[in-house]
2 protein chains.
Amino acid sequence: MMKRAVKRPKKPPYKVQVLDRAINILEFIGKQSSGEAGLPELSAAMKLHKTTTHRIAHVLESRGLLRRGLDSNRYRLGLHLYDLGCQALDHVNIRDEARPLMTRVAFDVGETVHLALLDRAEVLYIERIEAQRSLTMGSKLGARNPVYCTALGKAMLAYLPENEVDQILAASRMEARTRNTITNVLALKRELERIRDREFAIDDEEIEDGVRCIAAPILNANNRAVAALSVSGPSSRITPDRFQLIGKTMLKTAQELSTRIGRQAPVVPVKRKR
Amino acid sequence: MMKRAVKRPKKPPYKVQVLDRAINILEFIGKQSSGEAGLPELSAAMKLHKTTTHRIAHVLESRGLLRRGLDSNRYRLGLHLYDLGCQALDHVNIRDEARPLMTRVAFDVGETVHLALLDRAEVLYIERIEAQRSLTMGSKLGARNPVYCTALGKAMLAYLPENEVDQILAASRMEARTRNTITNVLALKRELERIRDREFAIDDEEIEDGVRCIAAPILNANNRAVAALSVSGPSSRITPDRFQLIGKTMLKTAQELSTRIGRQAPVVPVKRKR
DNA sequence: CTGCACGTACCACTATACGGTACATAAATA
DNA sequence: TATTTATGTACCGTATAGTGGTACGTGCAG
């Protein structure tokens, strides 16, 4: 039974002025390259009366979301934000985050969707959502497959540092499972290059005849692959002319998941001054 | 109607109801071992009408401080908190934090105060505050000293994992600088034990005759030394009967600095469920 | 079906946050 | 030194912004 996403009505002007202002203040200070801002600066930027700004900042400070040095009274972000942030991360679980997204993809594409991690030189399946129509593919959770001949594996390899890739490949036998299997390191590295180009990976009957698979990597804040999502199905249904479209879907879904996992939205690279 | 004519000198009557409530909500959710809370749960805990709670939570969600899964309506902490928390940490600079505290110690104890890091097998001085009366001790910023014969070095060693300590000591020559210098690894390890006991370190003319020094470590969230603070002066003024008192001062100051650097206040260990 | 629990929308009332003025400091002139 | 200019803090009347009633929709369990 497919579980549809919870219906969420349009949002009416649900607004809480002070709250918005307070959050604006936090964000403003966070954006400053110096990491701090004085009261006049703040009230100017917020376009608020200095009394108002002062009151809000004062409360934020008393609660540890802002702080001031002993000798300066410029405001900076408080470390309580860090505590809260860590607590936020603590409860992010990739499987729970992935499930609803996977369900959507399974529905849209009409094929089985997998979530996998990289463990040593192997792909480890940790979640699966079946499309209704799919004639249950044999894979079980906890199952493993080699990296070099799966879309999941290749997608993750493409977003790992070179030396780790070498290490993993060194530990792989790279035997031909089908006549499409890539069996030498150089060819695989070219393939990884192509994957980085289009941002998703394809397994074109490389591990098993008659089965195709399309995958995209889940990245962390450092652009490093931590997992991957895939759809797989019989070659009769996953035809080459659908590669591009399905690939785009996987890419978008994987990106969505990446941000849910903690990868912050693409921002201008913040260099620390001095 | 009886109205009190007295203007109450309400010290900080600075209050912003919504803000406080919002922060309470964030903290409450953070405290939950499950990391999430539903609307009814929340309003009960906050003792607020569900409408009120809903409105606040809604705004927090729209700003990324809270989030809800696609299939669940329970609120969790949003990852935007993590972004902000990291920005907070980014601008914590140990030297800036330390300076005011060091000044106070220099005044109270009346001796020169140093802040140092551990770099490889050496102590690296990164800040110094002189007491007025002090006849300027020769140390310069950027100077280095061995770990094994300084209070700073020993204080930091005492709060590093054993294997790192071994590594550092292996790289040290441990030659006798004075007749008090500890010159063998075993004796030094016993000394580290004693330091952990009393929580501060003493250099009793171990690097230079006529100079004594008392230091305490700055710890990060993992209880690992990242720096140390010390006072040092002529043995004629830093007499053994002052060790305990000065040590307590250094300990308290170092702890204060540790929390300012990001070591969260001692809390009940939060174990993740499931 | 009926009842219950929960999330959301609407709205009148008044407590609440706003932003004036005013004073108390500190820093920057002269 | 005195005099100004910025900045932080306190007080307070007023209107607006937030509150918490009621009400409706939806999904779930009996």
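Computed from a predicted model, the values in this text were never measured in an experiment. Hydrogens, waters and symmetry mates play no part in the numbers below; they use all other heavy atoms, side chains included.
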Practice item. Any chance you could measure B/Ile214, atom CD1, to B/Met250, atom CE, to the nearest 0.5 Å? Key: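 The CD1 atom of B/Ile214 sits 8.0 Å away from the CE atom of B/Met250.
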Nearest to side-chain heavy atoms of [X], which nucleotide of [options]:
| X | options | answer |
| --- | --- | --- |
| B/Thr52 | D/dT19, C/dG7, C/dG19 | D/dT19 |
| B/Thr51 | D/dA10, C/dA9, C/dC18 | C/dA9 |
| B/Tyr14 | D/dA10, C/dT8, C/dG19 | D/dA10 |
| B/His49 | D/dT19, C/dG7, D/dG21 | D/dG21 |
| A/Arg55 | C/dT8, C/dA17, C/dG20 | C/dA17 |

Check your understanding: Run the salt bridge (Lys or Arg N to Asp or Glu O under 4.0 Å) check on A/Asp20 and A/Lys15 step by step: do they pass?
Key -> CA-CA 8 Å; A/Asp20 268 308; A/Lys15 217 191 143 190; 5.5 Å; no
Whole angstrom is fine here: how far is it from [atom1] in [X] over to [atom2] in [N]?
| X | N | atom1 | atom2 | value |
| --- | --- | --- | --- | --- |
| B/Asp20 | D/dG18 | CG | C1' | 14 Å |
| B/Met46 | D/dG20 | CE | C1' | 17 Å |
| B/Lys47 | D/dT19 | NZ | P | 17 Å |
| A/Glu41 | D/dT7 | CD | P | 9 Å |
| B/Glu61 | C/dT8 | CD | C1' | 13 Å |
| A/Lys15 | C/dA9 | NZ | C1' | 19 Å |
| A/His58 | D/dT9 | NE2 | P | 8 Å |
| A/Leu48 | C/dG20 | CG | P | 11 Å |

Exercise for review: Compare all side-chain heavy atoms of B/Leu84 with those of B/His80 and state whether any distance is below 4.5 angstrom.
Suggested key: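 Contact flag for B/Leu84/B/His80 side chains = yes.
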Exercise for review: With the side chain counted from C-beta on, respond yes when B/Thr53 and B/His49 share a heavy-atom pair under 4.5 Å apart, and no when they do not.
Suggested key: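 No; the side chains remain at least 4.5 Å from each other.
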Practice item. Tell me which of A/Val16 and A/Gly38 sits closer to the 5' end of DNA chain D, going by the nucleotide each one is nearest to. Key: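 Nearer the 5' end of the strand: A/Gly38.
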Check your understanding: Just to confirm, is there a sub-4.0 Å distance from OP1 or OP2 of D/dT9 to any side-chain nitrogen or oxygen of A/His54?
Key ->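 Yes, A/His54 has a side-chain N/O under 4.0 Å of OP1/OP2 on D/dT9.
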**Study point:** Criterion salt bridge (Lys or Arg N to Asp or Glu O under 4.0 Å) against A/Glu61, the qualifying member of A/Arg67, A/Arg68, A/Arg76, A/Arg74
**Key:**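 For A/Glu61, the salt bridge (Lys or Arg N to Asp or Glu O under 4.0 Å) check succeeds only for A/Arg68.
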Exercise for review: Test for a donor-acceptor pair under 3.5 Å between the base of D/dG8 and the side chain of A/Lys50, counting only N and O atoms.
Suggested key: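 Donor-acceptor pair under 3.5 Å: yes.
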Point to revise | 5′-ward residue of the pair B/Gln17/B/Leu39 relative to DNA chain C | key: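 Looking at DNA chain C, the more 5' nearest nucleotide goes with B/Leu39.
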Practice item. With heavy atoms under 4.0 Å as the rule, sort A/Arg21 into base, sugar-phosphate or nothing. Key: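 Answer is sugar-phosphate: A/Arg21 comes under 4.0 Å of backbone atoms only.
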